[in-house]
2 protein chains.
Amino acid sequence: MAESDGNSAKRPTIYDLAEIAGTSPSAVSSILNGTWKKRRISEKLAERVSRIATEQGYAVNLQASLLRRERSRIIGMIVPKYDNRYFGAIAEQFEIMARARGLFPVITCTQRDPDLEFEAARELISYQAECLIVTGATDPDRIGEFCAAAGVRAINLDLPGSNAPSIVSDNFTGARDLTALILSRIERDFGVIQPLWFIGGRGRDHNTAERLRGFKAAHRQIGLSVLPDRIIMPGYSPHKAIAAMGTKTLADRSGLFVNSTITLEGVIHWLNEQRHGSGDIRLGCFDWDPFAALLPQNVGMIEQNVPAMLEATFELVETPPTGNVRLKIPCILRGIDNYPVNP
Amino acid sequence: MAESDGNSAKRPTIYDLAEIAGTSPSAVSSILNGTWKKRRISEKLAERVSRIATEQGYAVNLQASLLRRERSRIIGMIVPKYDNRYFGAIAEQFEIMARARGLFPVITCTQRDPDLEFEAARELISYQAECLIVTGATDPDRIGEFCAAAGVRAINLDLPGSNAPSIVSDNFTGARDLTALILSRIERDFGVIQPLWFIGGRGRDHNTAERLRGFKAAHRQIGLSVLPDRIIMPGYSPHKAIAAMGTKTLADRSGLFVNSTITLEGVIHWLNEQRHGSGDIRLGCFDWDPFAALLPQNVGMIEQNVPAMLEATFELVETPPTGNVRLKIPCILRGIDNYPVNP
DNA sequence: CATGCATGCTCAATCGATGTAGCATCGTTG
DNA sequence: CAACGATGCTACATCGATTGAGCATGCATG
């Protein structure tokens with residue numbers, strides 16, 4: 001970044017304002033931080049100093065202020081991506097709810113990169129965050145360990161860890177219900193009962209494992225067993241999904257369980273290329289997207305209950321739990337009955 | 001937030017580490033911030049202190065560090081929402097590019113609320129941000145004025161202001177080209193040449209005004225004039241779009257210019273309710289969304305060139321311009337030819 | 001053996017805001 | 001008129017990291 005011009009005035013401090021107003025820095029400080037009544041500063045001086053502060057474009061130096069205060073009221077969050085509705089909603093709701101509680105939210109995006117996750121966590125702690133919400137981290141325990149050593153509280157959101165309280169969706173039940181829905185729609189629309197494909201995610205990832213467990217449970221419930229070669233876990237990005245599916249052939253009347261909206265992008269791309277565009281496929285997707293819901297093949301989406309998850313998060317923030325809780329928040333199944341695709 | 005437990009150790013400082021290591025705080029400081037070679041600290045001591053720092057979970061207190069340093073390297077950004085691909089991409093790219101330049105990005109989301117925008121800007125300046133990227137602000141000049149008074153550089157992104165350099169998409173050309181595309185598709189698919197509807201945004205909003213200008217220019221180009229009662233500007237949110245359209249009747253073979261993906265959500269909802277689902281409508285939308293692109297009625301989307309916009313932004317960050325530049329970044333028209341909707 | 005220089009550290013002032021302790025002035029009361 | 005309380009301020013230490021100045025030691029050189 002360019003050095004600030006020599007001529008452009010430096011940011012004014014309480015010492016500058018005190019000199020202009022002909023008073024002391026202490027008075028200025030207490031006037032600007034609202035404690036002036038308690039300190040018996042006259043209304044007259046308070047008004048004059050406030051006016052000068054506005055004129056000079058004063059903004060408190062939080063570095064200095066927070067250094068002196070015992071609490072920062074900063075609450076940090078790391079999120080992996082901003083490229084889908086789920087994490088977007090988490091970030092937005094988090095900021096709103098934090099502000100409503102008089103806290104200062106700071107969010108950092110970490111690109112699903114374990115090292116960047118760790119560096120970002122360290123950075124937020126350096127900012128004196130009093131609490132860290134670790135969202136969708138690939139290695140939450142590494143961060144949890146550091147937080148513990150630094151004496152900062154950590155809460156895992158979306159993906160659980162073993163050394164800090166965790167709040168996750170009930171992935172098993174959500175996936176089981178979505179799988180059951182897809183299976184029943186295939187039967188209704190195509191008249192066939194057959195195992196589905198599972199596409200997206202990583203096998204070591206807790207949520208993917210849980211969803212696969214739900215996926216299998218729903219199959220078992222109607223006497224089907226899952227075919228191992230129909231489980232494709234190449235990660236989350238669209239192009240990885242496309243590459244992984246490139247090797248497969250998908251019969252008509254197939255059903256797909258798609259593990260995330262970002263994977264769904266790749267899946268749809270692939271289906272369109274394979275001329276599977278129309279009525280010969282049914283799919284459901286874990287996570288909600290308003291436009292994806294309109295895809296003609298789509299029979300249902302799982303919406304994770306972001307407000308409930310964050311409500312639970314802030315409850316843990318406000319009253320730290322004893323022991324290592326793991327909360328499961330039920331998901332919302334949004335069944336879809338789009339216009340008929342087989343006219 | 002709950003007070004930190006009395007028993008949990010406070011965060012260690014360089015003084016704590018110095019005592020443990022049996023050395024001075026200065027030595028510890030220089031070892032941990034990388035200036036120790038210049039200060040002729042022995043490798044042996046450096047290693048020992050580093051080890052102790054790791055053991056103790058030390059993280060530098062940025063409040064103290066930044067207070068002393070002359071530069072913060074913090075670069076702030078405010079964005080209105082995280083609920084669409086455009087702002088999500090801006091936020092994500094901004095963080096990546098800032099980090100690549102050795103800067104510390106801090107982003108705040110302001111809900112399109114002018115007061116919150118201003119408060120957030122003030123807060124970022126209080127964090128000692130050296131530069132503020134003001135994205136999609138409803139009142140950028142208010143923030144620009146404050147930044148000028150505080151001696152902090154501001155750059156307007158997405159929506160222009162009059163007192164700071166601005167980087168905006170070429171909304172006029174983008175809208176004109178998209179409008180021309182929709183008009184030509186209506187002629188091709190329906191055999192009619194008629195004015196389109198314009199839906200979404202606010203009339204006083206610069207981008208909406210520019211897009212409307214492009215919308216009108218494209219009509220003029222083929223000898224049509226725009227009908228004033230077909231211009232609906234109720235804001236951006238889906239439910240506002242639905243409410244505003246509730247009063248209108250849309251003939252078959254109509255064409256719609258939709259001003260944002262978030263408005264499009266409401267439009268699609270309304271169309272489906274009105275049983276306009278299938279092949280009797282064509283629309284185009286300003287802003288890109290991968291799933292919205294698959295809507296059968298959709299004939300094209302404008303993708304704003306986020307990488308180019310941020311490239312230009314960081315160029316301004318690095319070499320502050322003289323005078324009040326306003327850069328226009330061309331958009332990308334993504335024409336879509338979805339599977340036939342009139343089988 | 002005095003001098004110079006390199007090595008390996010420590011000391012202390014500093015950044016800006018905060019808050020406790022304290023000072024000066026004024027009016028009131030016994 | 002002394003004592004006291006209220007009013008309206010100021011002085012100063014403090015938070016943790018940084019950094020220029022400086023100190024002590026060891027070794028080499030004339």
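Every chain is numbered from 1, with letters handed out A, B, ... down the list of sequences.
- Applying the salt bridge (charged side-chain N to carboxylate O under 4.0 Å, His left out) rule to pairs touching residues 19-46 of chain B yields nothing, sequence neighbours excluded.
- In this structure B:D158 satisfies the side-chain hydrogen bond (donor to acceptor under 3.5 Å, both in side chains) test together with B:Y86, sequence neighbours excluded.
- Scanning for ring-ring contact (aromatic ring centres under 6.0 Å, His included) contacts around B:Y236 gives an empty result, with sequence neighbours left out.
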Report, one pair per line, the protein and nucleotides 14-16 of chain D atoms (nitrogen or oxygen only) whose separation is under 3.5 Å.
| from | atom 1 | to | atom 2 | distance (Å) |
| --- | --- | --- | --- | --- |
| D:dT14 | O2 | A:R68 | NE | 2.9 |
| D:dG16 | N2 | B:A64 | O | 3.1 |

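- Here A:F104 pairs with nothing under the ring-ring contact (aromatic ring centres under 6.0 Å, His included) rule; sequence neighbours left out.
- Distance B:I125 CD1 to C:dG16 P: 16 Å, rounded to the nearest Å.
- Distance, A:L17 CG to C:dG16 P: 12 Å, rounded to whole Å.
- Listed by first and then second residue, the salt bridge (charged side-chain N to carboxylate O under 4.0 Å, His left out) pairs involving residues 110-121 of chain A are A:D115-A:R142 (not counting sequence neighbours).
- No donor-acceptor pair closer than 3.5 Å links the side chain of B:N156 to the backbone N or O of B:I167.
- The CG atom of A:L32 sits 13 Å away from the C1' atom of C:dG16 (whole-angstrom rounding).
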Practice prompt. Can you check each nucleotide of nucleotides 4-11 of chain D against protein heavy atoms at under 4.0 Å and return B for base, S for sugar-phosphate only, - for none, in 5' to 3' order?
Written response: ---BBBBB

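- D:dT19 atom P lies 12 Å from atom CG of B:L66, rounded to whole Å.
- When rounded to the nearest whole Å, the span between NZ of B:K38 and C1' of C:dT7 equals 17 Å.
- The interatomic distance linking A:D16 (CG) with C:dG16 (P) rounds to 8 Å, in whole Å.
- Remark: B:S24 engages no residue in a side-chain hydrogen bond (donor to acceptor under 3.5 Å, both in side chains) (not counting sequence neighbours).
- Residues that satisfy the side chain to side chain contact (heavy atoms under 4.5 Å, CB included) test with A:A53, not counting sequence neighbours, are A:L17, A:L32, A:Y58.
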